[in-house]
Every structure is written in structure tokens, then in C-alpha cells.
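All remarks here apply to the structure that follows.
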Amino acid sequence: MDKKLFVISGSSGVGKGTVISNFLKRNPDFMLSISCTTRKMRVGEVDGVNYFFLTQEDFTTCIENNKFLEWAEFAGNYYGTKKKYIFECLEKGKNIILEIDTKGALQLKEKMPEAVLIFICPPSLEVLENRLRGRKTEDENTIKKRLDEVREELKRAENFDYKLVNDDLDTAVIRLEEIIKGELNAQR
Ligand code: ADP
Ligand code: 5GP
């Protein structure tokens, strides 16, 4: 299969969503995978747009029925990528971006070794924490849980294909574009 699956991971608050949304504005032909999650909807989020918001029971049923390509628990909630959507996009020859956590990314790489794993790093841990707090979407307890994940995420990132630093936003978006276009050109 062609290399058309680009997986983007990085610690909470590093700027994954921001970098990806800027990338997609410049590259509207890429599909963004919509994940399922059990976490509460944030203000402004829309079911079926940002995520498919599931109850724990529905999520467990999807696991039991083998509906997920990958899934993981992250900071107390469950997140997963449905197989159906990804395979439909691949059949249509679409390039897909998945924004998933590092555990899910490594699971996916085992199943689909052609997937390209890209890890977004913060300029420093201090900047990461400031961005996560500055977003004002999580309470203190949730922020702590998310920061507790950082060390293990950085270890898992050692197995990724690429790392890029999100310091200046435009530079990070251009670097992501270079990585993706380089991979697509390499397979031609
Ligand atoms: P993630 O999706 O990784 O959790 P977000 O995209 O929500 O992170 O970004 C977290 C916060 O950091 C947001 O308030 C966003 O506006 C800000 N941010 C993202 N990238 C940058 C950057 N390069 N410089 C400064 N602030 C940034
Ligand atoms: P958030 O709650 O901030 O939207 O996401 C928290 C974490 O879950 C992020 O690291 C995000 O990349 C990850 N995530 C989102 N969707 C999925 C998914 O489908 N699978 C996995 N494994 N992680 C996901």
C-alpha cells in the first residue's frame, strides 16, 4: 500500500491541533481522521466534527466488536480510531492525517508499518505547560494528569519516524509539509 497514513502525536498542549489545522488550510485535499472518545465535550466542540463522543459502554462495545484500528487510554479517558473510516479513505486513495496519542501511534505502526509517525515536541517543558494552561480548557486535576504522561510519551517518541519542534508556528507547519511531501515524493 502507498504511504498515505500520517500519524501525528505530541504531548497535550504542544500544539498538534493548531499545527494540523494550519496544515489542512494549505492542503485541503488531506482527510483528517475523526476519533472516538469517552472524554467530556469541551465548550465549542461538536459531536461528529471534533470527535465522536461515546459513553464508556459504547466504547467498550466497539472494542469487543473489534471496530477500532487502535485505541488507548489517555489521562483517564479512552480514545480510538474506527477502522471503517480509515479503510474507506485509503480505498478512495486519500491521504489521511491521524492525531492520536503515542501508544495508539505505535499500535498502528505494528499493524500498518507503512504509516509515517511524526512527533511534535515543545520548545521546552515550561512552554508546554504554559500552552496547556493558557488554553484554559482543562481543570487543574486534568492538567496534572496530562503533564504526568509527558515522560513516557517522550520515551515512545524515540520510535517515531520524525520529530519536529513547534516553536514558531509557521516554521512548524512548513516543516510538517516538508516531511509529508518528502514521504509522498519518495514513494512515486
Ligand atoms: P494540542 O492539540 O497539542 O493539545 P493545541 O493545538 O490545542 O494543542 O495548542 C495548545 C495551545 O497552544 C493553544 O492555545 C494554541 O493556540 C497554542 N499554540 C499552539 N502552537 C503554538 C505556537 N507555535 N506558539 C504559541 N502558541 C501555540
Ligand atoms: P484531547 O483530549 O486533548 O482531545 O486528546 C488527548 C490525547 O488523545 C491526545 O494525545 C490525542 O492525540 C489523543 N487522541 C485523540 N484521538 C485519539 C485516537 O483515536 N486514538 C488514540 N490512541 N489517541 C487519540
Side-chain angles (χ1 to χ4, degrees), residues 5-25 31-54 59 62-63 67-86 96-112 115 117-139 141-154 156-157 160 163-176:
L5 220 52
F6 296 94
V7 178
I8 300 184
S9 300
S11 297
S12 187
V14 73
K16 299 177 294 299
T18 309
V19 171
I20 293 170
S21 119
N22 279 264
F23 172 86
L24 290 174
K25 277 186 204 141
M31 305 293 295
L32 178 65
S33 168
I34 304 172
S35 298
C36 300
T37 184
T38 61
R39 87 148 157 72
K40 283 199 196 113
M41 221 186 268
R42 290 178 189 141
V43 174
E45 284 186 326
V46 177
D47 190 24
V49 175
N50 305 92
Y51 280 104
F52 295 105
F53 291 91
L54 302 186
F59 198 97
C62 287
I63 296 173
K67 298 278 186 209
F68 291 124
L69 185 57
E70 62 71 36
W71 64 272
E73 187 190 349
F74 176 84
N77 291 115
Y78 288 81
Y79 297 83
T81 308
K82 283 266 185 84
K83 284 179 188 168
K84 191 169 179 275
Y85 178 76
I86 300 298
I96 310 171
I97 306 262
L98 291 99
E99 196 247 271
I100 64 176
D101 89 313
T102 47
K103 290 190 287 274
L106 295 176
Q107 274 178 53
L108 197 133
K109 184 84 176 180
E110 276 196 12
K111 290 187 185 160
M112 302 174 91
L117 305 194
I118 304 164
F119 186 81
I120 303 190
C121 309
S124 68
L125 292 179
E126 196 186 351
V127 170
L128 175 70
E129 186 166 345
N130 288 341
R131 282 188 192 161
L132 183 55
R133 289 185 188 287
R135 195 171 65 189
K136 297 194 190 315
T137 50
E138 265 75 32
D139 59 28
N141 185 31
T142 309
I143 289 174
K144 286 211 172 93
K145 278 194 200 161
R146 286 172 177 243
L147 292 173
D148 281 347
E149 301 275 348
V150 173
R151 188 194 288 260
E152 289 301 315
E153 288 169 331
L154 292 174
R156 286 186 215 107
F160 275 50
K163 288 187 203 166
L164 73 88
V165 180
N166 179 23
D167 189 352
D168 172 65
L169 180 60
D170 291 343
T171 310
V173 175
I174 287 167
R175 178 70 191 124
L176 179 63

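Both counts, for ligands and for their atoms, begin at 1 and track the order of listing.
Only the backbone of S11 comes within 4.0 Å of ligand 1, counting heavy atoms alone; no side-chain atom from C-beta on gets that close. The side chain of R42, and not its backbone, has at least one atom closer than 4.0 Å to an atom of ligand 2 (non-hydrogen atoms only; side chain from C-beta on). Here D167 has backbone heavy atoms under 4.0 Å from ligand 1, and that is the only part of it that gets that close.
Near R39, with a cut-off below 4.0 Å to any heavy atom, the atoms of ligand 2 are 1 (P), 2 (O), 4 (O). Heavy-atom contacts of S35 reach the following atoms of ligand 2: 16 (N), 17 (C), 18 (C), 19 (O) (cutoff under 4.0 Å). Residue F74 approaches ligand 2 through these ligand atoms, each under 4.0 Å from one of its heavy atoms: 6 (C), 7 (C). Atoms of ligand 1 found under 4.0 Å from any heavy atom of L169 (numbered from 1 in listed order, with element): 23 (N).
Two residues are said to be in side-chain contact when any heavy atoms from C-beta on lie closer than 4.5 Å; E149 and K103 meet this criterion. You'll find the side chain of V49 stays beyond 4.5 Å of the side chain of I34, heavy atoms only. The closest side-chain heavy-atom distance from L5 to L108 is below 4.5 Å. With a 4.5 Å cut-off on side-chain heavy atoms, V173 and K25 do not count as touching. Contact of the F119 side chain with the T102 side chain is registered, since non-hydrogen atoms from C-beta on lie closer than 4.5 Å. Under the 4.5 Å side-chain criterion, counting only non-hydrogen atoms from C-beta, F74 is in contact with R146. L106 places a side-chain heavy atom less than 4.5 Å from the side chain of F160. When side chains are defined from C-beta on, N50 does not count as touching R42, because their heavy atoms never get closer than 4.5 Å.
Looking at ligand 1, you won't find any N or O of S12 less than 3.5 Å from one of its N or O atoms. Residue-to-ligand polar distances keep E153 apart from ligand 2: every N/O pair is separated by 3.5 Å or more. Ligand 2 has no N or O atom lying under 3.5 Å from any N or O atom of R135, backbone or side chain. Residue K16 places at least one N or O, backbone or side chain, under 3.5 Å from an N or O of ligand 1. Considering both main-chain and side-chain atoms, D101 comes within under 3.5 Å of ligand 2 through a nitrogen or oxygen pair.
Summary of contacts: the protein heavy atom closest to atom 11 (C) of ligand 2 is E99 OE2, 3.1 Å. Nearest to atom 8 (O) of ligand 1 among the protein's heavy atoms is G15 N, 3.1 Å. Scanning all protein heavy atoms for the shortest distance to atom 20 (N) of ligand 1 gives N166 ND2, 3.1 Å. Closest to atom 2 (O) of ligand 1, if we only count protein heavy atoms, is G17 N, 2.9 Å.
Nearest heavy atom pair, residue S35 against residue T81, reads OG-OG1, 4.4 Å. Residues E70 and G104 come closest through the heavy atom pair OE1-CA, 3.1 Å.
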*Evaluation steps, side chain to side chain contact (heavy atoms under 4.5 Å, CB included), between K83 and F68*: CA-CA 5 Å; K83 284 179 188 168; F68 291 124; 5.9 Å; no
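Using a 4.0 Å cutoff on heavy atoms, Y51 counts as a contact of ligand 2. Residue contacts with ligand 2 include G80, since one or more of its heavy atoms lies under 4.0 Å from the ligand. Residue G13 places a heavy atom under 4.0 Å from ligand 1. In this structure, Q107 does not count as a contact residue of ligand 2, since none of its heavy atoms falls inside 4.0 Å of the ligand. Residue-ligand proximity: E70 is placed with a non-hydrogen atom under 4.0 Å from ligand 2.
One option in V14, N130, T18, L132 has a heavy atom closer to atom 5 (P) of ligand 1 than any other, and that option is T18. Nearest-heavy-atom check against atom 26 (N) of ligand 1 across R131, R135, E99 picks out R131.
Rounded to the nearest 0.5 Å, atoms CG (L147) and CG (L128) are 6.5 Å apart.
Between the side chains of S11 and E153, at least one donor-acceptor pair of N or O atoms lies under 3.5 Å.
Between Y78 and W71, the two ring planes are tilted [angle within 30° to 60°].
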